[in-house]
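Here's a structure for you.
Whatever order the structure lists them in is the order used to number ligands and atoms, beginning at 1.
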Amino acid sequence: MEKRKSIMNFANSEFLKLRSCQMKSMVFRCFILVILILVLRTTICSFHGSTWLTWRTSNWIVMSVASNLQYSIRRDKFLEVPQIVWGLNNQKIALARACLTARFLNRTLLMPSLSASLFYKEVDLLKPMPFDKIFNFEKFNALCDRFVRLGRYSDPLNHTKLFELQKGSGRKWTKERDLDQLNQSREELVDTAEVIRIVGKNPFLWHDHWPVKEYANIFECLVVVDEIENEVTKVISKIREVGRMVGHKIDASEKKEIAHDLRDTHVPYIAVHMWIEKDWMIHCKKVEQKLRINEICSTKEQIIERVSHITGIQSRVAVYLAVADILLEDNTVLNGWKDGLVPFDKKRLGVLGVYKKYPYLIQSAIDYEVCSRAEIFVGNSFSTFSSLIVLSRTQKLIRMRLTNSCSTEVVYPSYAYNILGQSGGAKRWMTDMSASSLVGISYGTNNISCYSNWDTSL
Ligand SMILES: *[C@@H]1O[C@H](CO)[C@@H](O)[C@H](O)[C@H]1NC(C)=O
Ligand SMILES: *[C@@H]1O[C@H](CO)[C@@H](O)[C@H](O)[C@H]1NC(C)=O
Ligand SMILES: *[C@@H]1O[C@H](CO)[C@@H](O)[C@H](O)[C@H]1NC(C)=O
Ligand SMILES: *[C@@H]1O[C@H](CO)[C@@H](O)[C@H](O)[C@H]1NC(C)=O
């Protein structure tokens with residue numbers, strides 16, 4: 001019931017977005033109407049002195065403008081947050097959290113700096129990267145209109161009218177205290193400041209006060225810039241091209257003709273996020289001990305085994321292996337795959353050059369898109385990278401009004417190889433969109449499943 005409700009709310013918010021567009025055009029039409037009527041009035045009034053018609057019309061306009069503003073975010077109050085650090089996924093979550101904090105304070109978020117590289121400890125060495133180097137600023141504001149808003153540092157009129165809000169940390173800084181502090185910042189004394197600057201640690205570490213579907217709303221507004229989109233398209237067409245070759249054992253004489261015939265047909269691919277870097281394996285063993293479960297770490301062999309037992313993979317298909325940079329020289333990830341699953345990493349695919357041009361953050365953003373758009377995705381449910389990909393794929397299914405995501409005919413299925421599913425395969429995985437916090441996504445979970453009776457109607 002809870003889930004149903006929240007999915008409906010989710011759908012509702014989409015509906016509201018649509019409505020607000022209609023409202024805009026309505027306001028515009030009203031504006032034209034009022035001009036017309038003003039012109040008419042001057043003509044009519046000189047004859048009758050009647051103001052009734054004008055009163056009705058202008059009142060109607062005031063009302064529709066008011067309802068239009070109901071969902072908007074103030075454009076003259078701002079929130080500033082510290083530079084956002086760590087992996088792409090933690091940066092995305094931190095960004096969304098900063099946006100939701102700004103929304104809570106009804107303020108425009110000053111476009112935060114992301115970090116191009118991945119230093120865990122030496123925060124001072126982190127190279128800042130502007131948000132709009134990766135994500136399209138205008139599209140973000142257009143898609144998230146009335147929900148959250150990003151502004152530029154040149155927007156505030158007077159940077160000296162600033163309030164510094166020191167976030168607490170440590171065990172004593174509870175979720176309740178944190179929310180309390182934010183709530184107090186909505187009161188008049190603080191609220192008069194044009195800019196509130198939050199000082200403290202990485203926003204990823206702030207307490208989480210918002211449900212998954214609000215984060216999901218924000219992630220949907222993050223559209224990569226054209227330059228990155230072009231690289232994503234390049235990589236995906238390369239994968240589909242090799243997929244076409246492995247799917248059809250074509251002899252040389254036929255090759256040209258068939259390749260031409262098949263150019264526009266859709267060749268599906270599988271993407272596997274292999275999380276087997278050495279430092280991760282050490283870390284994950286510790287987490288397994290702490291949580292007393294053994295469903296987190298998967299070896300290469302286990303991953304291959306569970307991917308090959310996913311039911312529904314029939315023909316020969318290309319498998320894109322999303323692995324970290326340091327593993328690229330290690331060709332062994334390409335060995336051991338069952339006949340029918342033909343693995344490719346960046347090197348074998350011939351796209352290493354595409355990635356090498358960019359810093360870590362952009363490489364990771366390209367991989368994220370390539371995995372998100374795969375026909376089948378398999379990842380680790382304790383990886384934030386995998387979890388965010390599954391979230392975006394779940395949203396895609398909601399858009400398709402799918403009611404039974406457990407059905408074998410589902411398009412865009414996702415799986416977790418670290419959890420055993422049916423017939424020895426990886427387990428079917430979707431995001432629980434009704435979750436009241438992002439904890440399962442940020443820190444991982446072994447409680448995953450598909451959902452068999454979703455109500456995706458409005
Ligand atoms: C923000 O403030 C404006 C103006 O006071 C108000 O109309 C709007 O509803 C507020 N938005 C939110 C999300 O609270
Ligand atoms: C900015 O605010 C400060 C403090 O309120 C004030 O002294 C200063 O004149 C303001 N500057 C501008 C350009 O408004
Ligand atoms: C915020 O403070 C107001 C009173 O100023 C209170 O009514 C409200 O319940 C508080 N909200 C939260 C989320 O703490
Ligand atoms: C697992 O997740 C479902 C919702 O997806 C929830 O209802 C259930 O309580 C969770 N179980 C555990 C043990 O956390």
Least distance between heavy atoms, M111 atom then F131 atom: CG-CB, 3.4 Å
K427 charged N/C atom sitting above Y417 aromatic ring, 6.0 Å / 45°: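 That pair does not qualify as a cation-pi contact.
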cation_pi(R197, F78) dist<6.0 Å, angle<=45: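 Judged by the rule (NZ or CZ under 6.0 Å from the ring centre, within 45° of its axis), R197 is not positioned above F78.
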Test of proximity, R74 against ligand 1: N or O pairs below 3.5 Å: no
More than 12 heavy atoms from other groups under 6.0 Å of CZ on R186: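 For R186, atom CZ is crowded (more than 12 foreign heavy atoms under 6.0 Å).
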Within-cut-off N or O pair, N106 and ligand 1, under 3.5 Å: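 Among all N and O atoms of N106, at least one is under 3.5 Å from an N or O of ligand 1.
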Residue D432 vicinity, atoms of ligand 4 by number, heavy atom under 4.0 Å: 4 (C), 5 (O)
Cysteines C144 and C221 with SG distance under 2.5 Å: yes
Pair F104 and H209, ring centroids less than 6.0 Å apart: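 So the answer is no for these two rings.
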Close side-chain approach of Q91 and F204, heavy atoms under 4.5 Å: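 Q91 does not reach F204 side chain to side chain.
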Residues in contact with ligand 3, criterion: heavy atom under 4.0 Å: L179, N183, E187
